[in-house]
Amino acid sequence: MPRSPTFDRDAKIEQAMQLFWEKGYEATSVQDLVDHLELNRSSLYNAFGGKHELYLEALDRYRQKDIEWLRGQLRGGPTAVDGIRQAFVAVAERATESCCGCFTTNAAVECAPRDGSTQERARESFKEMRSLFRAAVERAQEAGAIDASRDAKALGCHLTNAYNGIHLTAKTDPPNEVVQDIVEATLQGITCATSDSPTAHRPGSPDPD
């Protein structure tokens with residue numbers, strides 16, 4: 001019978017998550033994991049099964065934390081639109097502070113095309129993000145901040161795509177104003193314009209939709 005690990009398994013998954021997030025799957029070797037987690041190879045394999053299995057556990061850890069973070073941002077504003085803005089502003093700040101991007105998005109780009117387990121996880125995360133954004137849009141529609149005739153499901157997809165796109169753009173280390181322009185244009189594109197707003201629709205001008 002294999003001996004029970006004498007280390008904190010959750011702490012090692014957290015450490016592995018940070019390493020995979022920073023370096024990616026292919027660039028992280030088993031020896032990197034051994035060194036970073038301060039485990040010998042037999043302990044690593046006995047506890048986690050191998051590099052790929054540990055990667056999936058690390059990805060699951062990140063996904064859980066990231067979804068909870070997004071849910072908190074969307075629910076943290078005084079209004080639904082404020083919550084959406086808060087989520088975008090916060091993710092823009094987080095993304096530009098580090099060029100690591102989003103672990104889930106990175107996994108979708110690097111591993112999902114050839115690994116079904118990673119693809120399924122990324123798909124489920126993006127599905128949950130779409131659901132959270134859709135719910136926020138519906139709350140905003142109920143409050144009159146977003147046109148009720150617009151498709152909340154489609155707007156949820158649009159916001160999820162823009163949200164994940166910020167991470168990819170930030171990986172290129174662009175000027176901060178580039179990311180801020182993405183945030184502002186995304187938010188202006190979903191909220192109702194008023195006659196006092198510079199984004200309001202004017203007679204004879206192209207339909208903003």
Legend entry - Stepwise side-chain contact (heavy atoms from CB on, under 4.5 Å) check, Glu110 with Thr118: CA-CA 9 Å; Glu110 181 186 16; Thr118 301; over 6 Å; no
Legend entry - Residues forming a ring-ring contact (aromatic ring centres under 6.0 Å, His included) with Phe126, sequence neighbours excluded: none
Legend entry - Set of ring-ring contact (aromatic ring centres under 6.0 Å, His included) partners for Tyr62, sequence neighbours left out: Trp21, Phe103
Inset, instruction - Apply salt bridge (Lys or Arg N to Asp or Glu O under 4.0 Å) to the pair Lys51 and Glu26, showing each step before the final yes or no. - result: CA-CA 10 Å; Lys51 172 183 167 179; Glu26 292 296 339; 5.0 Å; no
Nearest-0.5 Å distance, [atom1] of residue [X] to [atom2] of residue [Y]:
X      : Y      : atom1 : atom2 : value
Thr104 : Ile67  : OG1   : CD1   : 7.5 Å
Ser117 : Glu53  : OG    : CD    : 9.0 Å
Leu59  : Arg121 : CG    : CZ    : 6.5 Å
Thr79  : Gln86  : OG1   : CD    : 10.0 Å
Arg75  : Leu132 : CZ    : CG    : 9.0 Å
Asp32  : Leu37  : CG    : CG    : 10.5 Å

[X] and [Y]: same hydrophobic cluster, using ILVMFWY side-chain contacts below 4.5 Å?
X      : Y      : answer
Leu168 : Ile182 : no
Tyr163 : Val109 : no
Trp69  : Ile84  : yes

Give me the atom names and distance for the closest heavy-atom approach of [X] to [Y].
X      : Y      : answer
Arg150 : Gly189 : NH1-O, 2.8 Å
Arg41  : Val34  : CG-CG2, 3.6 Å
Ala140 : Val81  : CB-CG2, 3.7 Å
Ala136 : Ala80  : O-CB, 3.5 Å
Val179 : Pro174 : CG2-CG, 4.0 Å
Gly101 : His167 : C-ND1, 3.8 Å

So, the side chain of [X] versus the backbone of [Y]: is there a donor-acceptor pair under 3.5 Å, distance only?
X      : Y      : value
Asn161 : Cys157 : no
Thr172 : Thr169 : yes
Arg9   : Ala47  : yes
Asn106 : Cys100 : yes

Salt bridge check, [Y] against [X]: does any charged N sit closer than 4.0 Å to a carboxylate O?
X      : Y      : answer
Arg71  : Glu68  : yes
Arg134 : Glu138 : yes
Glu14  : Lys65  : yes

Inset, instruction - Using the six-membered ring wherever Trp is involved, compare the ring planes of Phe20 and Tyr25 and label them parallel, tilted or perpendicular (cut-offs 30° and 60°). - result: parallel
Heavy-atom check, side chain of [X] versus side chain of [Y], under 4.5 Å:
X      : Y      : result
Asp66  : Cys102 : yes
Lys153 : Arg130 : no
Gln73  : Val91  : no
Phe7   : Glu38  : no
Arg123 : Glu120 : yes
Leu70  : Glu128 : no

Inset, instruction - Before giving the answer on side-chain contact (heavy atoms from CB on, under 4.5 Å), spell out for Thr186 and His158 the whole-Å C-alpha distance, their side-chain angles and the decisive distance to 0.1 Å. - result: CA-CA 9 Å; Thr186 300; His158 168 64; 4.1 Å; yes
Legend entry - Evaluation steps, salt bridge (Lys or Arg N to Asp or Glu O under 4.0 Å), between Asp60 and Arg63: CA-CA 5 Å; Asp60 286 341; Arg63 291 169 55 230; 2.7 Å; yes
Inset, instruction - Would you please test Lys12 and Leu44 for side-chain contact (heavy atoms from CB on, under 4.5 Å) and show each step? - result: CA-CA 10 Å; Lys12 297 303 181 184; Leu44 189 149; over 6 Å; no
Inset, instruction - Could you verify whether a donor N or O on one side chain and an acceptor N or O on the other, from Gln119 and Asp115, lie under 3.5 Å apart? - result: no
Legend entry - side-chain contact (heavy atoms from CB on, under 4.5 Å) evaluation trace for Ile190 with Phe133: CA-CA 12 Å; Ile190 67 167; Phe133 276 119; over 6 Å; no
